[in-house]
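So you know, we letter chains A, B, ... as the sequences are listed, proteins then strands, and number each from 1.
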Protein chains: 2
Amino acid sequence: MDIRELEIFLVVADLLHFGRASRQCNLSPSALSRTIQRLEEELGQALFVRDKRSVQLTEVGRSFHDYARKAIQDYRSFQVALGGERALSGTLSLYASITAVYSLLPDLVEAYRHAYSDVQLELRTGAAEEAVAQVEAGEIDIAVAALPDRRGARIDFLPIMTTPLLFIAGHQLVEELDLLSRNALELVSMPLVLPQAGLSRRRLDQWLKKNRLVPNISSEVSGNEAIIPMVHLGCGIGIVPQLVLERSPFKDEVAVLSNAPQLDPYVVGLCSNQRTLQKPVVRAFWQLAEQRLAETQLHKT
Amino acid sequence: MDIRELEIFLVVADLLHFGRASRQCNLSPSALSRTIQRLEEELGQALFVRDKRSVQLTEVGRSFHDYARKAIQDYRSFQVALGGERALSGTLSLYASITAVYSLLPDLVEAYRHAYSDVQLELRTGAAEEAVAQVEAGEIDIAVAALPDRRGARIDFLPIMTTPLLFIAGHQLVEELDLLSRNALELVSMPLVLPQAGLSRRRLDQWLKKNRLVPNISSEVSGNEAIIPMVHLGCGIGIVPQLVLERSPFKDEVAVLSNAPQLDPYVVGLCSNQRTLQKPVVRAFWQLAEQRLAETQLHKT
DNA sequence: CTCCATCATTGCGATTAGCGCAATACAGTG
DNA sequence: CACTGTATTGCGCTAATCGCAATGATGGAG
């Protein structure tokens, strides 16, 4: 009977759907199922009736829902009261992909430093791919990076913004190959400049596989930022997140191909493992981000 | 942050002594120390000041004490409310040594059946030694037996009563060897009837070792109950818990040797492992026993 | 002053619990 | 009847937790 298990229960009780709940909790379906089983065994009462097709709360489940909400509430209040007593101190280690350093980080870090000036910050930059691994290993408290498709265990993500994946080409190449009048399938047969690995590469590979195409790769580079100069040099068509393009000094030297395949957008956000996320210094950063996110959402509507 | 960890914290906060707290929690000192460390890390604040010679609560520790007590209270209330909604049902498996079946069990079982008549009881009897093993293996919910000196991990005990270990001999033997006028050291040099294993055997072995004596074992039997007839037959001096002697049909046929070594008394009580003790059916039995125990204590005073 | 007892902590090996993956069971659908 | 969607279960693996033994530090006894 753990705070985390209570939270998991609340999600299931809210959604009444194990699969969706498991995704929301960043948990495999089996783990979620067994978590609920554990709770039910510990209480000696069933919390849900699984009706082969639907999930409903039992009477006991409803009582437990009240209890769980209150218990979590109490715990959070206590944590807040604790934070009020003493200013946070310690070290917060951040890891950010270059993409993220340009976009999200300044805002967040400024706000954090303003609120918790006693916390010493440690910022490391590197490839987005590495970020998740660092978080999993506990080397880093929070990574600010693109969210991978597949999430490891005990990792929490906080999506902050999305940015579309754009196909770009140098102006000269656009004219040479008459790129603007071609359809998506034709475009991806042109010479491509791709990252060796990473999310956008996987997205393209998925799309190619779905359409049974083999890419014509003119060059592979590491890192999204490096793609843009390569494209500028006319090596081929590149794929970059809009966010990266906007911050690039070459952004006016390349053209965006609007007649390109629609890949799923890049999602950028925070990434931390659930264990270190318990640390107050870390949780504060996370909650600050959530807060700013909520404000932004409100602002939009 | 687990209910159990909160309880552990409360014990430490109450006793302000890690060693004693660890014994009260049936935990090794190291495990207890690390449990507190975990809590402190999770909260990001120290709960105790370890002053090289004394342990004191910090300010945060006092707040946490309030929180923990309330959280446990809430949980217990919820469990009670749960129990109120539906009568307990299921199976409770008990294991009792013969000694215990005669003494403690009738009271407890009757009270339990009266309170929770829907629970199906399963009673197995056997050697006291085996009881703890069965509990550890999870084969049995609760054992009613003598408490072993060394307790395994994750096992909870509830001492209910103590009974002294008595040296007994057949009347004929008392006269033959003039037992009543001999001192303790001489007595244990006489032929002895001992259980092959078990607590009373270990107690005697300890005493012998301390006094650098080698026993003169006339016969070894299994089980305390069997000792009495053997003693009655004049095989030698036996050692039995008073409780066993009282219930024995031979109790008038043997004499108690008051001039014998004083061994630590037998402690009889409940034994369960902390995991199955979470099951409501099991916890109910345990709490019922605690309740009756408290009433008895009150009665005495 | 030295030796010893006490007490919290830490290193280490072993055990347990919790997770993800893949397979399974089962009901509704095209 | 194949197929999809959904919860569960078998299994291997990793991480958490425990007990034992050693450590370090401290105050009291001889």
TODO: Grab the CZ-C1' distance between B:R38 and D:dA16 for me, whole Å please.
DONE: 8 Å

TODO: Check whether any side-chain nitrogen or oxygen of A:R275 sits under 4.0 Å from OP1 or OP2 of D:dA16, and answer yes or no.
DONE: yes

Open item on the list: Quick check against the 3.5 Å criterion: does B:S63 have a side-chain atom that pairs as donor or acceptor with the backbone of B:E59?
Closed with: yes

Task: Nearest-0.5 Å distance that lies between atom CZ in A:R20 and atom CG in A:D14 - done: 11.5 Å

TODO: To the nearest Å, give me how far apart CG (B:D51) and P (D:dT26) are.
DONE: 10 Å

Task: Distance in angstrom units between B:I36 CD1 and D:dT17 P, rounded - done: 13 Å

TODO: Grab the CG-C1' distance between B:L27 and D:dC20 for me, whole Å please.
DONE: 13 Å

Open item on the list: Hydrogens and angles aside, do A:R76 and A:Q79 bring a side-chain donor and acceptor to less than 3.5 Å of each other?
Closed with: yes

- [ ] Output yes when a side-chain donor or acceptor of A:Q73 lies under 3.5 Å from a complementary backbone atom of A:R69, and no otherwise.
- [x] no

Task: Interatomic distance where CG belongs to B:L39 and P belongs to D:dA16 [whole Å] - done: 15 Å

- [ ] Check for a donor-acceptor pair, side chain of A:S54 on one end and backbone N or O of A:D51 on the other, with a separation under 3.5 Å.
- [x] no

TODO: Write down the distance between CE (B:M1) and P (D:dA16), rounded to a whole number of angstrom.
DONE: 16 Å

TODO: Verify whether one side chain among B:N273 and B:D156 offers a donor that lies under 3.5 Å from an acceptor in the other.
DONE: no

All N/O pairs under 3.5 Å across the protein-nucleotides 8-14 of chain D interface:
from   : atom 1 : to    : atom 2 : distance (Å)
D:dT8  : OP1    : A:R50 : NE     : 2.6
D:dT8  : OP1    : A:R50 : NH2    : 3.3
D:dT8  : OP2    : A:S33 : OG     : 2.6
D:dT8  : O5'    : A:S33 : OG     : 3.4
D:dT9  : OP2    : A:Q37 : NE2    : 2.9
D:dG10 : O6     : A:R34 : NH2    : 2.8

Open item on the list: Assess, by modelled atom type and distance only, whether the side chains of A:T276 and A:D141 contain a donor and an acceptor separated by less than 3.5 Å.
Closed with: no

- [ ] Give a yes or no on whether the backbone of A:Y266 and the side-chain of A:T162 come within a donor-acceptor separation of less than 3.5 Å.
- [x] no

Task: Whole-Å distance separating the CD atom of A:E5 from the P atom of C:dG18 - done: 7 Å

- [ ] Looking only at side-chain atoms of B:V55, point me to the closest of C:dA8, D:dT17, D:dG19.
- [x] C:dA8

TODO: Examine D:dG5: is either OP1 or OP2 under 4.0 Å from a nitrogen or oxygen in the side chain of A:R20? Give yes or no.
DONE: no

TODO: Between protein and nucleotides 25-30 of chain C, map the contacts as a letter string: B base, S sugar-phosphate only, - none, heavy atoms under 4.0 Å, written 5' to 3'.
DONE: --B---

Open item on the list: Please report the distance, rounded to the nearest Å, between CD in A:E42 and C1' in C:dG18.
Closed with: 14 Å

Open item on the list: Is A:R23 close enough to D:dT6 that one of its side-chain N or O atoms is under 4.0 Å from OP1 or OP2 there?
Closed with: no

Task: Mutual orientation of the aromatic rings belonging to B:F9 and B:F48 [parallel < 30°, tilted 30-60°, perpendicular > 60°] - done: tilted

